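To start, the structure under review is shown below, and the notes come after it.
Any value given below was found using the heavy atoms of this structure, including those in side chains, with hydrogens, waters and symmetry copies removed. Only a predicted model underlies this, so the values are computations on that prediction, with no experimental measurement involved.
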Amino acid sequence: MSPHPSVVVGTGPVSIADVVSVARHGAGVRLSDEALTAIARGRAVVDELAADTAPHYGISTGFGALATLSIPADKRLDLQRSLVRSHAASTGPEVEREVVRALMLLRLSTLATGHTGVRPETASAYAAMLDAGITPVVREYGSLGCSGDLAPLAHCALALMGEGEVRDATGRLVEEARPGHTLVEKEGLALINGTDGMLGMLALALHDLDVLLDTADVAAAMSVECLLGTDAVFAADLQGLRPHPGQATSAANIRAALRGSGIMASHKTPECTRVQDAYSLRCAPQVHGAARDTVEHARTVAERELAAAIDNPVITDDGRVESNGNFHGAPVGYVLDFLAIAVADVASMSERRTDRFLDVSRNHGLPAFLAHDPGVDSGLMIAQYTAAGLVSELKRLAVPASVDSIPSSAMQEDHVSMGWHAARKLRRAIDGLTRVLGIELLTAARAMDLRAPLAPSPVTGAVRDLLRAAGIPGPGPDTYLSPDLETAADAVRDGSVAAQLGARS
């Protein structure tokens, strides 16, 4: 039983917080009475058309390039089964449980609008599967983001039918036979036609990036502090001359993180002749802030998409059943690609700050590579190699997927969004940024200890203490470094570092 309260899915949109709660923390779900009423109302429209002798797309016809074929009534249950089975065609490694739960929640949210024409019992069965923690096995490759994320969603519909691979709430692959739910006219299409996979991953990414960008500000502050940089450039009036909101937020975070630093105070004397730091220090608010503004743009797109009812055909408010193109993933794919660019740039700047600590010509009195006995010890030399390798990978992941359309379905679907692929590479990019920031924090914390007896600020000192308490040692002879990099990444990922900003400033 999840400690998180169940999410009630109504006719309105779920929130990004709801997605995180259900997908990542295993919160349960249930449909509201209002949603069940709307679903029944939409189904009545489909039932009327199903009884009609004229063909209606998605109800009594084939699909995609086969949409002109009329399907007789006695073949329509076979049509639903065949549609789902044939479209459940993904391959490759299993997709993460949280991604599958996210896309299931978002498909349920669309069903709840009453615009898809499924029966209440079908939507309720789908909700029950998600509520019970049953997670269909969805594989990496299969979606083009054309009629939405067809293949991933088809695997979930297949599980509803009692077929395909699923894992239970413990993650165990279920071997036993399962009861299946029979799909009727329109239901197969309604279960697989949406942008829910790419949107779910966007929602999770936005949640993670809120934490990572706060962490990046803390890491930049620690680097400015321990490289004996100046904080004068972060003054509110200077930042206000360029009124980007994200820049203002990042500058305020850096000022808060540096407040009360004895290290900073130690060189605010007439003897200090440094007036300008390198861009990786001085321009941190500008780069981090641009990333923040990109996140806010992506959040606007995500919230619009969360409020959408995506299906084809769709049932309108006045009871028409209309074909449309709302399933195309371009709006989501574009911002997923945009976020990957911002992630790569924030990581690139972080790696440059890490590198400055290790170079005696730029680190202002620290030992080479922060080594205990340079020459005998290599210190953090190879940690920077690791960060550089990650940044190089992030640059490759920043190449947009959304421009790489490949026609499909006998040229019926002749332009596709590749939004699923944009989302998959963004997830890898976010993991890379997490690790790059961890390396910077580990490096800055060692430099902080080497500046003793000068005292850090309350915020930066707390971050150093957090890393030490987690088992990352301070300066000394070389030790096995890989576990420390993992520990630092974990402290970034779980929000522990970012939390120090609010707790101490």
Pair D277 + R356, salt bridge at N-O below 4.0 Å: no

F327 atom CZ, neighbour heavy-atom count above 12 within 6.0 Å: yes

Atom CZ of R362: over 12 foreign heavy atoms under 6.0 Å: yes

Side chain S32, main chain A35, donor-acceptor under 3.5 Å: yes

Side-chain donor or acceptor of T249 paired with backbone N/O of P245 under 3.5 Å: yes

Full working for side-chain hydrogen bond (donor to acceptor under 3.5 Å, both in side chains) between D345 and S348: CA-CA 5 Å; D345 206 34; S348 177; 4.9 Å; no

No-hydrogen, no-angle side-chain donor-acceptor test under 3.5 Å, T487 and D484: no

E322-T316 side chain donor-acceptor pair, cut-off 3.5 Å: no

What's the separation between atom [atom1] in [X] and atom [atom2] in [Y], rounded to the nearest 0.5 Å?
X    : Y    : atom1 : atom2 : value
R446 : L467 : CZ    : CG    : 12.0 Å
R424 : L426 : CZ    : CG    : 10.5 Å
D317 : H115 : CG    : NE2   : 4.5 Å

Sequence-distant partners of D311, side-chain hydrogen bond (donor to acceptor under 3.5 Å, both in side chains), two or more places apart: K186

Qualifying residues under side-chain contact (heavy atoms from CB on, under 4.5 Å), relative to S323, sequence neighbours excluded: N312

Counterpart residues, side-chain contact (heavy atoms from CB on, under 4.5 Å), relative to D208 (two or more places apart): R24, I430

